[in-house]
Amino acid sequence: MDFDNIDEPDHEFEEEYIRNPKVFDGLNPKQVEAVECLDGPLLIMAGAGSGKTRVLTCRIANLLAHGIAPWNILAITFTNKAANEMKTRAEKMIGEPAKSVWLSTFHSFCAKILRFEIEAVKGYSKNFSIYSTGDSKMVIRDCVRELELDEKRFSSTAVQSRISNAKNALLNAKAYKNAVLMSQVQSDYEWAVADIYELYEKRLLALNAMDFDDLLLVTVRLFENNEDILDQYQEKFRYILVDEYQDTNKVQYRLMKLLAAKYENVCVVGDADQSIYGWRGADLNNILSFEADYPGATVIKLEQNYRSTKLILEAANAVIQNNIYRKPKNLWTNNPEGEKITVFEAFTEYYEALKIADEIKELKSQGIPYSDIALLYRINAQSRSLEEAFMRAGIPYVIIGGLKFYDRLEIKNILAYLRLISNPQDNMSFKRIVNVPKRGIGTTTIIKLQDFAEKHEISIFEVISNSWLLNQIELTPRMKQNIRGFASFILDCIDQKNKLPVDEYIKYILENSGYMLELKTDQKPEDEARIENLGEFVNVAKEFANQNEDATLEDFLNHISLISDLDVINEDENLVSLMTVHSAKGLEFPVVFITGMEEGLFPHVRSLMDERQLEEERRACYVAITRAKRKLYITHAASRSTFGNSKKSDCSRFLTEIPMAYLDVYKQLIDKSRATPSFINVSRSQMPSAVKNIAKSNTARSKANALSLEAKIRMKAAKSKSKAEINMTKRWKQGDRIKHKKWGEGIVLDVYGLGTEREMKVKFLEEEVGIKTLQLKFAPIEKLKD
DNA sequence: GCCAGAGTATTTTTT
DNA sequence: ATACTCTGGC
């Protein structure tokens with residue numbers, strides 16, 4: 001393989017653009033334009049691999065070069081990974097001042113603001129706890145129980161997602177209740193959810209805790225209700241950059257809108273084709289209506305891809321073209337053509353994994369390091385079979401995301417200690433560790449304490465740390481002794497707080513609580529790993545303490561609550577990376593395997609019913625393909641087992657959307673005598689006669705699939721045509737400018753529905769008209785030229 | 001209060 | 001297939 005020049009960008013830019021060679025070095029004209037445009041609203045439409053991060057980093061550098069103070073710049077990303085990446089790159093380029101730029105995720109940005117300003121929000125104090133999804137589910141479960149609702153019907157997962165959606169749409173419990181009241185279909189389910197939400201909201205407040213969504217929601221409320229505070233931050237963040245803007249939801253949109261309102265120096269970067277977070281409220285309209293939002297905004301398109309080979313990029317384009325709700329664009333590359341995409345079709349996921357492991361060993365022997373290779377899958381559960389095969393083959397790997405750091409029991413426990421110490425109101429944390437290690441304080445006792453605390457509207461910890469209160473409760477003297485022992489330990493810890501560096505402090509807690517001792521003495525098989533993980537946790541704390549010298553316990557908790565995995569990808573370690581397609585966003589690898597390319601898995605079953613969701617799946621597939629720089633593998637299994645029983649599965653429609661000419665297809669042969677599965681090439685060029693028939697049927701099937709898909713699209717078009725209205729024959733798409741007889745000019749935000757039911761959402765320029773939904777068969781509209 | 005064994009939901013994607 | 005919750009006996 002000859003890819004040596006693949007990372008080298010064009011040097012065609014004009015001399016006059018070069019002011020600061022450091023800032024503009026190696027950028028193409030479009031990129032330079034983006035880096036140069038510092039003032040006013042700016043939308044950068046950055047295709048996959050078009051050097052987006054680089055442009056953002058250079059733009060920050062350029063702001064600094066123009067004398068803008070680093071603390072006046074706010075850069076928001078979606079994941080910690082992206083934030084870290086940009087931080088490192090900025091520091092490399094700019095040095096020390098880069099450290100003073102506020103560069104963080106939406107969530108940690110809000111957490112930071114709230115630690116400063118929370119006093120302005122009624123009911124919260126600055127040592128509030130941040131609850132992960134798991135924590136908040138527990139609170140919800142308690143609420144459901146208290147309301148005596150059916151726990152099966154109102155599972156914490158289902159309710160939590162409803163509440164989360166509501167919060168992402170800027171609805172608090174009261175607003176949600178109103179929305180249910182106003183809606184035509186008032187299901188009893190929604191009513192109950194509204195009740196749960198109300199109680200949940202109340203509970204969190206009493207616990208002095210926020211869930212992830214609250215961080216954003218409360219910050220928005222804070223700014224909305226306190227003009228002076230908002231003004232202060234508008235002044236502070238005079239320059240704002242938002243990455244992955246296509247993934248912002250309503251709350252995030254509002255937050256940015258508020259912060260940018262004064263100076264409008266807001267630069268957003270995104271790619272509508274890479275929007276894959278619709279399920280958590282991401283609203284494509286945010287990016288599509290940016291120009292309408294900020295009249296006079298500059299728009300720059302970055303369409304040159306520096307990442308992938310021509311063939312990979314073409315394959316990605318071929319797939320994404322099947323999306324109907326999409327603005328066409330032209331992503332191109334100067335990179336070499338590259339190798340064909342290799343496709344493996346195995347019998348089962350077991351063989352699929354085995355074959356991949358085999359191939360990776362082969363790549364390794366060709367001199368490709370493990371760290372150049374990534375395995376992508378649609379759902380986390382797929383990682384298991386892959387892991388097994390890797391372990392057997394002795395291939396070192398790392399799973400990115402997935403098993404979350406704070407989801408491990410021992411980490412949850414030590415975090416609960418820290419949270420209780422920091423925020424004694426936090427009853428959830430209290431309950432988690434009051435009997436870890438075993439202190440003889442069981443559920444019955446805890447319920448007694450909790451009932452008493454609730455009756456007097458105080459926290460459980462307040463009850464047990466006060467002998468007089470404790471004596472009001474009927475308990476055996478022995479039990480009281482146990483409880484007092486626990487209380488005095490926590491009080492002692494509170495006393496010690498911030499006297500030691502966090503890592504030392506954690507060690508102190510682990511030793512003196514007796515938790516470590518219990519893990520060491522109990523001969524449970526999993527304890528060894530738990531001790532190791534706790535050791536790792538101490539290391540993380542140490543790292544944190546070293547980097548943030550006078551950081552408090554709260555700062556540490558803040559940091560740790562918002563980190564999903566042990567983010568720091570050890571780049572020096574030579575490991576194959578395993579991750580979901582979603583967590584691969586923003587990353588790139590020389591060699592990529594996309595696994596489980598099957599109908600029902602990718603696209604996932606739950607998206608098959610809805611066209612919009614299916615298109616989101618296709619975008620996810622587009623993201624997956626465009627992660628690959630040089631070599632792409634796509635694998636699928638003819639049968640896959642879920643919940644223990646195996647089911648036949650067809651190859652993914654997305655795979656059939658890639659022209660056969662780009663593919664090199666291998667099928668598994670029936671050969672039970674071998675330990676390793678054997679595969680045979682069935683691509684037309686070198687087809688052995690023995691398998692010709694298989695290959696034929698395979699090709700025929702692909703063609704049939706492709707045909708039927710095309711036919712479907714044509715049918716849709718025909719259907720709309722048959723209704724003869726002028727509007728229906730036109731191809732309306734997002735971003736079109738239109739004129740309405742009554743409401744004047746507007747921008748199409750969304751077109752959906754089929755045939756005569758086809759509708760579109762339009763944002764009209766006239767302020768009081770706002771956003772309307774129009775039925776295409778009736779609406780008196782005409783298209784305006786761009 | 002504790003534990004073992006039965007019973008059950010779980011699998012979309014993340015901060 | 002596995003991880004979590006619930007139950008009943010000690």
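Chain naming here is simple, since letters A, B, ... match the order of the sequence lines and numbering starts at 1 in each.
- Among the heavy atoms of the strands, none lies under 4.0 Å from A/Ser132.
- Cation-pi geometry between A/Arg203 and A/Tyr200 is not satisfied (NZ or CZ under 6.0 Å from the ring centre, within 45° of the ring normal).
- The existence of a salt bridge linking A/Glu554 and A/Lys126 is excluded, since no basic side-chain nitrogen approaches an acidic carboxylate oxygen closer than 4.0 Å.
- A stacking contact between A/Tyr277 and B/dT14 is absent: the pair does not combine a ring-centre distance of less than 5.5 Å to the base's six-membered ring with planes differing by less than 30°.
- Listed candidates were C/dT5, B/dT11, B/dT15. Nearest to the side chain of A/Arg280 is B/dT15.
- Closest to the side chain of A/Glu617, from the set B/dT12, B/dT15, B/dT11, is B/dT12.
- Put simply, OH on A/Tyr377 is 13 Å from C1' on B/dT11, counting in whole angstrom units.
- Contact annotation for A/Ser641: no contact, since no heavy-atom pair falls under 4.0 Å across all strands.
- When each of C/dT2, B/dT12, B/dC3 is scored by its nearest atom to the side-chain atoms of A/Arg606, the top-ranked nucleotide is B/dT12.
- For the P atom pair drawn from C/dC4 and B/dT13, the interatomic distance equals 15 Å after rounding to whole Å.
- Of all the heavy atoms in A/Leu475 and A/Leu470, the pair that sits closest is CD1-CD1, 4.3 Å.
- Taking the charged nitrogens against the carboxylate oxygens, A/Arg326 and A/Glu615 have no contact shorter than 4.0 Å, which rules out a salt bridge.
- With B/dT12, B/dC2, C/dC6 as the candidates, the nucleotide lying closest to the side chain of A/Arg145 is C/dC6.
- Side-chain atoms of A/Lys438 lie closest to B/dC2 of the nucleotides B/dT11, B/dC2, B/dT13.
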